[in-house]
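Numbers for residues simply follow the sequence, beginning at 1.
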Amino acid sequence: MKNRIIIIVLVILGTIAAIFFSNYTRSKDNGFERTVFYPGIQVRQVIDLSEKSFRLMNNVKTESCLFNYKKPFSRYTIDFSIGRLISTDVTVPEGFNAKSSYIKLDATNENLIISNAEGNLILSNNKHSKFYQLPIIYSDQALAVSSSAIAVRSLQKIGFNWDMRLVKVNLADRSVESYNLPLQKDGLFANDGQFKYDKTTSRFFYTFSYSGEFLCLDTSMKLIFRSKTIDTVKAANIRLGTLRTRLGNGREATQITQLNPAPFVNKAFTINRNRLFIHSAIKSKDDPINHEPIDIYSINDGSYIKSFYLPKYKGNRVEDFIINERGLLAIQGNWLVIYAFNDI
């Protein structure tokens, strides 16, 4: 079990390292042009988060919510009238390993879930919290789908390879429906990406971090379409190597890992009004230096629509963002910046 957990940690550390070292890096003209429009982006409000470990929840429509990787058992809502975060602690039921790796929080309007890499899950609402053990042991990026279903990205070893799947779990009977991400020459690292659910359209989306592609799946985890982003990056550029580790029983194991952080292609993304907004790390012709592109795609067929730019805030790049009735909310450094716009 320990060597499998090491694999998960390596994937997570690889992602963190790539985020840390990845800038809007491809400074040259990469052979494509964006259709740019200017929606009158302006800073409406700024809230100091005090630390850089916050991320936004995409699927909560009635209020703006955040979670903090350093304090995973607290849910944060925003009081815009005073410009502060309000935290609510979540009760941790018996059986949930609070010391496990990659603990993540997600929510819908009605339900809150907390998960870890071991398949432990807390489903919480205003009345109570309940513990579940998922039939998938190694998982991350858990998403709250409904009061009776969640979705995760999971890892499973097949022979000498690791299979990465997107899985929906029905909590009542623990039955699963899944979509296998394709095996690639760079192993599971090439399939790394972000997984989100859009309750409005009842669709899942997965963007690949290191190649210019994204997926759309229905609630049965069947592929609706696979689409190419506007950039020219067709495959991940990852250098692999091996890492020898000593297990608890004294034996050694060889693990595959990245030799260097791979250049990002797709960073954060969000869904709003039947469109997918992807924060791209790839520079096109005439992109401004101190702004970052947000590319917009149709969620009906994945076709490219247009792009706009977000400015850096106090020199900080966009780490995460959502679009809702408040405007465009972006985490930049330890700041939550709320942008107003004319129309997106």
Between [atom1] of [X] and [atom2] of [Y], what distance do you get to the nearest 0.5 Å?
{"X": "Leu105", "Y": "Leu112", "atom1": "CG", "atom2": "CG", "value": "4.5 Å"}
{"X": "Arg84", "Y": "Ser50", "atom1": "CZ", "atom2": "OG", "value": "10.0 Å"}
{"X": "Asn272", "Y": "Asp198", "atom1": "CG", "atom2": "CG", "value": "8.5 Å"}
{"X": "Glu292", "Y": "Arg317", "atom1": "CD", "atom2": "CZ", "value": "5.5 Å"}

Q: Carefully, step by step, assess Asn68 and Ser53 under the rule side-chain hydrogen bond (donor to acceptor under 3.5 Å, both in side chains).
A: CA-CA 5 Å; Asn68 185 340; Ser53 52; 2.6 Å; yes

(Q) If the test is side chain to side chain contact (heavy atoms under 4.5 Å, CB included), which one of Leu134, Asp106, Leu143 qualifies with Ile150? (A)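 Of the listed options, the one satisfying the test is Leu134.
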
Can you name the residues that form a side chain to side chain contact (heavy atoms under 4.5 Å, CB included) with [X], not counting sequence neighbours?
{"X": "Pro72", "result": "Ile103"}
{"X": "Ser148", "result": "Ser146"}
{"X": "Asp89", "result": "Ser74"}
{"X": "Val43", "result": "Val46, Val337, Tyr339"}

Q.
Among Tyr297, Phe269, Phe195, Phe277, exactly one meets ring pair (Phe, Tyr, Trp, His ring centres under 6.0 Å) together with Phe214. Which residue is that?
A.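 Testing Phe214 for a ring pair (Phe, Tyr, Trp, His ring centres under 6.0 Å) against Tyr297, Phe269, Phe195, Phe277 leaves exactly one candidate, Tyr297.
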
Q) Should Thr229 and Phe208 count as side-chain neighbours, where that means a heavy-atom distance under 4.5 Å? A) no

Q. Which pairs pass salt bridge (Lys or Arg N to Asp or Glu O under 4.0 Å) with one or both residues in residues 35-45, sequence neighbours excluded?
A.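 Output for this query is empty, none listed.
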
**Q.** salt bridge (Lys or Arg N to Asp or Glu O under 4.0 Å) partners of residues 293-302, not counting sequence neighbours, each pair once
**A.**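 For residues 293-302: Arg34-Asp295.
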
Any residue meeting side-chain hydrogen bond (donor to acceptor under 3.5 Å, both in side chains) with [X], in chain and number order, not counting sequence neighbours:
{"X": "Asp286", "answer": "none"}
{"X": "Ser81", "answer": "Asp79"}
{"X": "Lys228", "answer": "Asp231"}
{"X": "Tyr304", "answer": "Ser307"}

Q) So, are Glu213 and Arg226 salt-bridged, with charged N and O less than 4.0 Å apart? A)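 Looking at Arg226 together with Glu213, the answer is yes, because their closest N to O distance falls below 4.0 Å.
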
**Q.** Carboxylate-amine/guanidinium proximity below 4.0 Å for Asp163 and Arg153
**A.** no

Q) Under 30°, 30 to 60°, or over 60°: which ring-plane class applies to Tyr309 and Tyr38, parallel, tilted or perpendicular? A)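 Ring orientation, 0 to 90° scale: tilted.
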
Just by distance, do the side chain of [X] and the backbone of [Y] share a donor-acceptor pair under 3.5 Å?
{"X": "Asn120", "Y": "Gln133", "answer": "no"}
{"X": "Ser227", "Y": "Gly302", "answer": "yes"}
{"X": "Gln332", "Y": "Pro311", "answer": "yes"}

Q: Apply salt bridge (Lys or Arg N to Asp or Glu O under 4.0 Å) to Lys168 and list each qualifying residue two or more places apart in sequence or on a separate chain.
A: Glu177

Q: Please name all residues satisfying salt bridge (Lys or Arg N to Asp or Glu O under 4.0 Å) with Glu51, sequence neighbours left out, ordered by chain then number.
A: Lys70

(Q) If hydrophobic clusters are built from ILVMFWY residues whose side chains come within less than 4.5 Å, do Ile86 and Phe54 share one? (A)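 No; Phe54 is not reachable from Ile86 via cluster members.
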
